[in-house]
Amino acid sequence: MASPTIAANAYANLARVLENSGAGAGKGTEASGQSFASMLKDAVGSVMESGRKSDAQTVAMAAGKANVMDVVTAVADTDVAVSTLVSVRDRVIAAYEDIMKMPI
């Protein structure tokens with residue numbers, strides 16, 4: 001279940017990647033745009049941030065400062081983010097296994 005917040009973050013990340021790749025177009029061999037490693041690091045960082053928000057909402061609710069709806073929303077966002085990360089991991093592993101099966 002995708003939430004509007006996650007979709008907005010995904011669109012923002014995509015726009016940033018496209019903006020960075022378009023800025024360096026036509027510069028020959030210069031490195032342009034965001035590297036795969038930094039993009040992966042950002043994705044994992046956003047999942048961790050989602051988990052921290054969920055934890056903060058849970059603690060706030062335990063202290064009586066948040067309502068149940070905010071906690072449920074934060075936990076659902078974290079669940080979607082982790083599920084997406086696990087799906088990407090599985091696809092990367094499957095691609096690696098396919099590459100390893102190729103005859104040389």
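Just so it is clear, the model here is predicted, and its values are computed rather than measured. The first residue of the sequence shown is numbered 1, and numbering continues consecutively from there.
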Distance-only donor-acceptor hits, side chain of residues 62-72, under 3.5 Å, sequence neighbours excluded:
from	atom 1	to	atom 2	distance (Å)
Asn67	OD1	Met69	N	3.3
Asn67	OD1	Asp70	N	2.9

- So do the side chains of Ser83 and Asp79 get within less than 4.5 Å of each other, counting heavy atoms only? yes
- Message: I'd like to check Ile93 versus Glu97 (side-chain heavy atoms, cut-off strictly below 4.5 Å). Are they in contact?
- Response: yes
If hydrophobic clusters are built by linking Ile, Leu, Val, Met, Phe, Trp and Tyr wherever their side-chain heavy atoms come under 4.5 Å apart, do [X] and [Y] end up in the same one?
X: Met39; Y: Val88; result: no
X: Val47; Y: Val80; result: no
X: Val92; Y: Val44; result: no

Gap separating the [atom1] atom of [X] from the [atom2] atom of [Y], nearest 0.5 angstrom:
X: Asp77; Y: Ser46; atom1: CG; atom2: OG; result: 11.0 Å
X: Lys101; Y: Ile99; atom1: NZ; atom2: CD1; result: 12.0 Å
X: Asp98; Y: Arg91; atom1: CG; atom2: CZ; result: 9.0 Å

- Message: Quick check: closest heavy atoms across Thr78 and Ser54, and the distance to 0.1 Å?
- Response: OG1-CB, 3.3 Å
